[in-house]
Amino acid sequence: MRKYLPLSLSARHSYPNSVRYFKRIGISIVYLFMQSRIQQAAREFVLRQYGVEASVVVNRPPRVEMGDLALPLAMELARKLRRPPRQIAEEVAAALRSVAGVAKADVAGAGYVNLFLDRAAYAAQLGAPLEAGASATTAAGGKLIVEHTNINPNKAAHIGHLRNAALGDTFVRLLRARGHTVEVQNYIDNTGVQVADVVVGFLYLEQKKEEDVARLAQDPAARFDYYCWDLYARVTRFLAEDSARLELRNRTLQEIEEGHTLAARVAEIVSTAIVRRHLATMLRLNVRYDLLPRESEILHLRFWDQAFELLQEKRAIYLETEGKNKGCWVMRQTEGNREQGIGNSAEEEDGGQDTKVIVRSNGTVTYVGKDIAYQLWKFGLLGKNFFYRPFETYPDGRTVWVSSSEPGSGSPPAFGQGQKVYNVIDVRQSYLQKIVAAGLRALGYTEQADRSIHFSYEMVALSPRCCDEMGIELSAEERQRPFIEVSGRKGLGIKADDLLDRLLEEAYKEVLSRHSDQPDDFRRRIAQQIAIGALRYFLLRYTCNTIIAFDFHEALSFEGETGPYVQYAVVRARNIFRKLEEEGGRFDENAVTPAVLERFLAAPEGDAFWELLYQASQWDAVAELAIATTEPAAVAKYAFQLAQGFNNFYHRFRILTEQDEARKMFLLWLVKRVEDRLTTTLDLLGIEVPEAM
RNA sequence: GCGCCUGUAGCUCAGUUGGAUAGAGCGUUGGUCUCCGGAACCAAAGGUCGGAGGUUCGAAUCCUCUCAGGCGCGCCA
């Protein structure tokens with residue numbers, strides 16, 4: 001017998017709006033619907049019968065035989081009502097028996113109310129196929145903005161950036177699948193220190209002319225992002241050798257910010273070429289963007305000046321007249337902020353406590369200041385806007401736009417004006433993200449501050465073993481550590497494209513051994529889908545606050561809890577139908593009548609089928625949970641468990657050789673339902689299903 | 001010094017914001033196949049949930065203390 005696979009779901013909240021919405025567009029959300037219906041019935045009964053408001057949790061019993069849904073509410077009520085919990089549970093159970101869709105209600109243990117659903121009725125509602133992508137245009141509730149990737153445009157993307165993009169992109173897919181309108185922004189810090197460093201490298205270290213850099217950036221064979229990766233590491237050493245050289249960087253940085261200088265032109269060449277490389281890398285992973293807002297426009301369109309005025313007006317910042325921050329504009333520390341741990345008590349001695357410098361004494365604005373301006377713009381609160389021009393067109397015809405200082409061509413969508421903003425940024429920037437939110441709050445935009453979500457995640461580091469494999473030398477002290485932090489400055493890390501290439505190679509070997517008779521482009525396509533599936537799943541299976549100590553062995557694995565495992569389950573399901581056709585058979589959906597469902601889902605013979613179907617139906621609740629907790633790993637886990645459930649079923653039951661025609665049709669129907677949900681779930685993870693494996 | 005995060009099986013990680021007998025993958029050991037393709041399936045072994053108190057019907061989950069590790073705390077981004 002297969003084991004029961006516990007699925008982590010609960011229903012603290014009801015989803016009336018979602019239910020209505022999905023009914024309207026025809027997406028099957030049977031599970032959430034049942035859950036909220038029962039929740040509501042229980043709440044109403046408790047209020048009517050006992051006159052108390054109860055928090056009605058609906059979850060699942062520990063074992064399937066005990067029921068489909070569980071309500072552990074009687075124990076809590078027992079205290080308030082001063083009556084035995086089991087007695088209360090009996091009364092609740094009796095009340096819930098009359099709820100449509102409930103077949104049976106038991107009382108178990110200390111006072112759990114366990115519900116058994118009407119299997120056939122439930123199954124009949126799962127008939128409607130999911131309408132993929134039917135969501136974006138019709139959702140209510142305003143636009144959500146998700147900012148992710150945000151790689152400094154001065155070097156190739158590395159494995160840590162891939163985690164950011166995979167999380168951000170998956171979150172976007174989840175939101176869209178749940179009917180939200182989403183705008184994806186990838187912020188480009190094209191005037192920062194990191195770009196300046198590479199410019200210094202080209203102009204001073206390599207003594208290159210503007211045309212040389214332009215030519216190099218155009219040359220596909222040069223792998224410009226890789227070239228800059230190495231150059232950046234060299235510049236870092238160059239600057240470290242002689243502190244006087246730092247002046248070179250400062251001057252370059254200033255020239256870049258001014259614009260119209262040689263350094264600015266080279267910076268533009270470098271950052272634009274690198275961004276194109278980044279987009280290409282991310283596209284390999286099925287990651288796309290709508291808009292690339294750039295720091296240069298934030299500067300040139302004077303977004304900061306506008307934000308500065310607002311902040312002064314509301315006295316959110318003030319000019320420090322004494323102490324170490326004399327001459328700077330600093331942000332006050334409010335009570336609310338202090339609660340959230342913002343402030344710097346290390347400076348208690350010199351009067352600079354609980355403040356954050358926003359404008360330096362030389363008049364330039366810090367990174368946080370620019371970020372506050374950008375965040376205000378995202379909510380449509382700045383009173384200024386970017387101009388836009390098309391940056392690139394994706395193979396599917398969609399356009400990525402980039403910010404511009406002048407009116408551009410084309411007709412861009414109405415960017416910005418978000419109702420809620422998710423910033424996918426690693427956990428080390430928590431402090432700064434809090435200051436940004438505190439800035440909004442100080443301006444009186446408390447609601448927007450609350451709707452500024454820092455989608456925080458931990459870094460990807462390298463395991464010491466991984467460093468060995470890559471020939472990275474470690475000190476004795478480093479060797480003792482559980483992981484080694486990647487460093488762009490040192491050129492220490494795994495480049496995203498290298499990892500992808502290696503995965504492709506491994507996948508291709510596997511495909512070759514199984515499909516030696518197939519054309520090579522077929523094999524390449526499949527190998528690529530498998531490689532991407534493996535990588536995206538690997539990056540998504542860990543919860544956000546888990547540090548991933550990168551390990552080749554685990555990342556290159558195609559067995560066990562991996563993307564390919566899930567892909568394989570879908571391929572198997574589809575093979576059944578393909579084989580059926582080859583044999584001249586036909587799947588007739590209409591043959592699966594309510595009576596057929598009734599017959600084959602009935603306990604106990606139908607338990608295995610029901611379990612699988614029930615599990616497959618929980619797609620909606622998982623997506624909702626992942627959104628509410630900003631935890632895409634829940635979806636990855638679900639995909640794996642459902643695939644596992646299917647693989648087990650696949651082994652236990654022969655379908656094509658089934659003699660009972662009604663049973664055969666029922667089994668095919670079940671496979672179809674599971675395949676459908678698995679495909680949808682993989683799509684949420686940005687993973688495609690190969691034609692064969 | 002202050003703040004945040006983490007500690008669960010040999011290893012890597014889940015664990016439904018307090019619920020019933022703590023789960024998975026890998027690894028180990030032993031099984032399954034004239035098959036809808038084995039990138040699969042089944043089983044076994046393996047856990048004082050870092051430690052100590054507390055809160056209550058009930059704690060891996062909440063509170064306090066403590067030990068260990070990580071990350072932040074700049075007129076860098």
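Please read these numbers as outputs of a predicted model, since none were measured by experiment. Labels below follow one simple rule: chain letters A, B, ... track the order of the sequence lines, proteins then strands, and each chain is numbered from 1.
- For B/rG30 and B/rA45, the P atoms lie 15 Å apart once the distance is rounded to whole Å.
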With the criterion being N/O to N/O and under 3.5 Å, what pairs connect the protein with nucleotides 5-8 of chain B, and how long is each?
from: B/rU6; atom 1: OP1; to: A/Asn545; atom 2: ND2; distance (Å): 3.3

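- Here the side chains of A/Gln429 and A/Asn423 are not in contact, with every heavy-atom distance at 4.5 Å or above.
- For the residue pair A/Glu257 and A/Thr191, no side-chain donor N or O sits within less than 3.5 Å of a side-chain acceptor on the partner.
- Comparing atom distances between the A/His553 side chain and each of B/rA20, B/rC76, B/rC26 picks out B/rC26 as nearest.
- At a cut-off of 3.5 Å, with distance as the only test, a side-chain donor of A/Tyr537 or A/Glu561 sits close to an acceptor on the other residue.
- Atom pair A/Ile484:CD1 and B/rG70:C1' shows a separation of 13 Å (rounding to whole Å applied).
- OP1 or OP2 of B/rC76 lies within a sub-4.0 Å distance of a side-chain N or O belonging to A/Arg360.
- Residue-level contact check: A/Ala70 touches the bases, meaning some heavy atom is under 4.0 Å from a base atom.
- The separation of B/rG3 from B/rC41, taken at their C1' atoms, amounts to 50 Å, rounded to a whole angstrom.
- A side-chain donor from one of A/Asn164 and A/Tyr457 sits under 3.5 Å from a side-chain acceptor of the other.
- Between A/Leu539 atom CG and B/rU12 atom C1' there is a gap of 15 Å when expressed in whole angstrom units.
- Between the C1' atoms of B/rA24 and B/rG15, the separation comes to 10 Å (whole Å).
- Residues A/Lys664 and A/Gln659 have side chains that never bring a donor and an acceptor to within less than 3.5 angstrom of each other.
- Of the side-chain N and O atoms in A/Gln644, one or more sit less than 4.0 angstrom from OP1 or OP2 of B/rG25.
- Using a 4.0 Å heavy-atom criterion, one finds that A/Phe558 contacts the bases of the nucleic acid, with or without backbone contacts as well.
- Using the six-membered ring where Trp is involved, A/Trp669 and A/Phe666 have ring planes that are parallel, under 30° apart on the 30 and 60° scheme.
- Going from the C1' atom of B/rG19 to that of B/rA59 covers 10 Å, rounded to whole Å.
- With B/rG25, B/rA39, B/rA77 as the choices, the nucleotide that has an atom nearest any side-chain atom of A/Leu432 turns out to be B/rA77.
- Looking at the side chain of A/Arg428, the nearest of the listed nucleotides B/rG19, B/rC73, B/rC71 is B/rC71.
- Side chain of A/Thr366, nearest nucleotide from B/rC73, B/rA20, B/rC75: B/rC75.
- Distance, A/Tyr565 OH to B/rA39 C1': 10 Å, rounded to whole Å.
- Using modelled atom types, one finds no donor on one side chain facing an acceptor on the other under 3.5 Å when comparing A/Asn647 with A/Tyr568.
- At distances below 3.5 Å, not a single donor-acceptor pair connects side-chain atoms of A/Arg673 with backbone N or O atoms of A/Leu668.
- Out of B/rA39, B/rA20, B/rC75, the shortest distance to the side chain of A/Cys328 is found at B/rC75.
- The distance between atom CZ of A/Arg541 and atom P of B/rG15, rounded to the nearest whole Å, is 13 Å.
- Nucleotide B/rA77 holds its C1' atom 12 Å from the CD atom of A/Glu257, rounded to whole Å.
- Nucleotides B/rU48 and B/rA44 have their C1' atoms positioned 23 Å apart, rounded to a whole Å.
- In the model, A/Glu624 has no side-chain atom that pairs as donor or acceptor with a side-chain atom of A/Tyr31 under 3.5 Å.
- A salt bridge links A/Glu658 with A/Arg663; the closest basic N to acidic carboxylate O contact falls under 4.0 Å.
- Side-chain N or O atoms of A/Asp426 include none that pairs as donor or acceptor with a backbone N or O of A/Met459 at under 3.5 Å.
- For the OP1/OP2 pair of B/rC42 and a distance below 4.0 Å, the side-chain nitrogens and oxygens of A/Asn648 include at least one atom meeting the criterion.
- For A/Ser361 against B/rC75, a side-chain-to-base donor-acceptor contact under 3.5 Å is present.
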Convert the base pairs of RNA chain B into dot-bracket notation, remembering that pairs crossing earlier ones are written with [ ] and that bases paired across to another strand are shown as |; include only Watson-Crick or G-U pairs under 3.5 Å. (((((((..((((.....[...)))).(((((.......))))).....(((((..]....))))))))))))....

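- Counted by atom type alone, A/Glu147 and A/Asn150 present one or more donor-acceptor pairs between their side chains at under 3.5 Å.
- In this model, a donor atom of one side chain and an acceptor atom of the other lie less than 3.5 Å apart for A/Asn575 and A/Arg578.
- With B/rC71, B/rC57, B/rA20 as the candidates, the nucleotide lying closest to the side chain of A/Asn114 is B/rA20.
- For the pair A/Tyr542 and A/Glu559, nearest-nucleotide mapping onto RNA chain B gives the more 5' position to A/Tyr542.
- Counting distance only, with no hydrogens placed and no angle test, the side-chain atoms of A/Asn150 and the base atoms of B/rA77 include no donor-acceptor pair under 3.5 Å.
- On the P atoms, B/rC71 is 33 Å away from B/rU28, given to the nearest whole Å.
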Would you mind building the protein contact string for nucleotides 29-37 of chain B? One character per nucleotide, 5' to 3', B for base within reach (heavy atoms under 4.0 Å), S for sugar-phosphate only, - for untouched. -------BB

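- Spacing between B/rG47 and B/rU55 at atom C1', rounded to whole Å, works out to 26 Å.
- Under the 6.0 Å distance and 45° angle rule, A/Lys370 does not count as a cation-pi partner of A/Phe303.
- When the P atom is compared between B/rC5 and B/rG23, the two are found 28 Å apart, to the nearest whole Å.
- Of the candidate nucleotides B/rG72, B/rA39, B/rC57, B/rA39 has the atom nearest to the side chain of A/Glu510.
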